[in-house]
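Just below is one structure, and these are the notes that go with it.
We count residues from 1, following the sequence as given. Excluded from the calculations below are hydrogen atoms, water molecules and symmetry mates; all remaining heavy atoms, backbone and side chain alike, are included. One-based numbering, in listed order, for ligands and for the atoms of each.
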Amino acid sequence: MSLHGAYDPDNIFAKILRGEIPSVKVWEDDEVLAFMDVFPQSEGHVLVVSKTSKARTLLDMEPEVLTRLTAAVQRTARAVEKALKPEGFSLMQFNGEAGGQTVFHLHFHIVPRWADRAMKGHGHAPMADVEHLKALASRIVAELD
Ligand code: AMP
């Protein structure tokens, strides 16, 4: 998939947003959804998406939606930090297949980092136990401002 092209309404995040496939929600409002990455690159890997935009990549994204989404990323990252106490975190956002993107509904990754734990490769992490993800999401939600 290139940087350009039509939004696929059947991409996996669109299906999650329509409730057609399950996800482990962290929080949502009318505009954004934060949910656990089911193939986490580290403990507490969270994805944040717009519920209203059909942007595939950063290039397509409406600036006002991006502003709202970025604030949601910060709110989520603050809660992740309080809940899981990482030593750092990586904020990632991939564009185009050559850029590492696999799901073409713009999203941000919040990946907690610890100096003594290697981050798993993007697209190479095993599927997590859903009950474990739910427990992590509960801890993160408890720290939302
Ligand atoms: P990207 O490669 O940047 O497009 O990221 C897509 C992310 O979606 C990857 O980190 C995947 O692990 C994650 N992912 C794929 N399917 C699901 C799903 N059903 N629920 C949660 N995360 C998913």
**Request:** For Leu47, counting its heavy atoms only, list the atoms of ligand 1 lying under 4.0 Å from any of them.
**Result:** 8 (O), 22 (N)
**Request:** Among Arg18, His107, Lys51, find the residue that satisfies the side-chain contact (heavy atoms from CB on, under 4.5 Å) test when tested with Phe13.
**Result:** His107
**Message:** Starting from Val103, can I reach Leu66 by hopping between I/L/V/M/F/W/Y residues whose side chains sit under 4.5 Å apart?
**Reply:** no
**Message:** Could you check whether any heavy atom of Met92 sits closer than 4.0 Å to an atom of ligand 1, since that is the contact criterion I want to use?
**Reply:** no
**Request:** Determine, considering heavy atoms only, which of His107, His124, Lys120, Gln93 sits nearest to atom 5 (O) of ligand 1.
**Result:** His107
**Prompt:** Is the gap between the ring centers of His124 and Phe39 under 6.0 Å?
**Reply:** no
**Request:** Could you check atom 19 (N) of ligand 1 against the protein and tell me its nearest heavy-atom contact, residue, atom and distance included?
**Result:** Ile12 CD1, 3.8 Å
**Asked** Which atoms of ligand 1 sit under 4.0 Å from any heavy atom of Val103?
**Response** 4 (O), 6 (C)
**Prompt:** Roughly how far, to the nearest 0.5 Å, is CG of Leu84 from OG of Ser42?
**Reply:** 8.5 Å
**Asked** Counting heavy atoms only, which part of Gln41 comes closer than 4.0 Å to ligand 1: side chain, backbone, both or neither?
**Response** neither
**Request:** Could you tell me which atoms of ligand 1, counted from 1 in the order shown, lie closer than 4.0 angstrom to a heavy atom of Phe35?
**Result:** 21 (C)
**Request:** Could you say whether the N/O atoms of Thr102 and ligand 1 ever approach to under 3.5 Å?
**Result:** yes
**Message:** Taking the basic N atoms (NZ, or NE/NH1/NH2) and the acidic carboxylate oxygens, is any pair closer than 4.0 Å for Lys134 and Glu131?
**Reply:** yes
**Prompt:** Which residue owns the protein heavy atom closest to atom 9 (C) of ligand 1, what's the atom, and how far is it?
**Reply:** Asp37 OD2, 3.3 Å
**Message:** Could you go through Arg56 and Leu3, starting from their C-alpha distance and side-chain angles, then the distance that decides it, and tell me whether this counts as side chain to side chain contact (heavy atoms under 4.5 Å, CB included)?
**Reply:** CA-CA 8 Å; Arg56 295 165 76 250; Leu3 283 173; 5.9 Å; no
**Prompt:** Considering only heavy atoms of Gly100, which atoms of ligand 1 have at least one such atom less than 4.0 Å away?
**Reply:** 2 (O)
**Prompt:** With atoms numbered from 1 as shown, which atoms in ligand 1 lie under 4.0 angstrom from a non-hydrogen atom of Gln101?
**Reply:** 2 (O), 4 (O)
**Item:** Audit row: Ile110, Val48, side chain to side chain contact (heavy atoms under 4.5 Å, CB included) steps and yes/no
**Value:** CA-CA 8 Å; Ile110 299 166; Val48 187; 4.0 Å; yes
**Message:** Can you report which non-hydrogen protein atom sits closest to atom 8 (O) of ligand 1, along with the distance?
**Reply:** Phe13 CZ, 3.3 Å
**Request:** Name the closest protein heavy atom to atom 21 (C) of ligand 1, giving the residue it belongs to and the distance to 0.1 Å.
**Result:** Val38 N, 3.4 Å
**Prompt:** Is any side-chain N of the basic residue among Arg68 and Glu31 closer than 4.0 Å to the acidic one's carboxylate O?
**Reply:** yes
**Asked** Quick check: are there more than 12 heavy atoms from other residues, nucleotides or ligands sitting under 6.0 Å from CZ of Phe108?
**Response** yes
**Item:** Atoms of ligand 1 close to Met36 [distance to a heavy atom under 4.0 angstrom, numbered from 1]
**Value:** 21 (C)
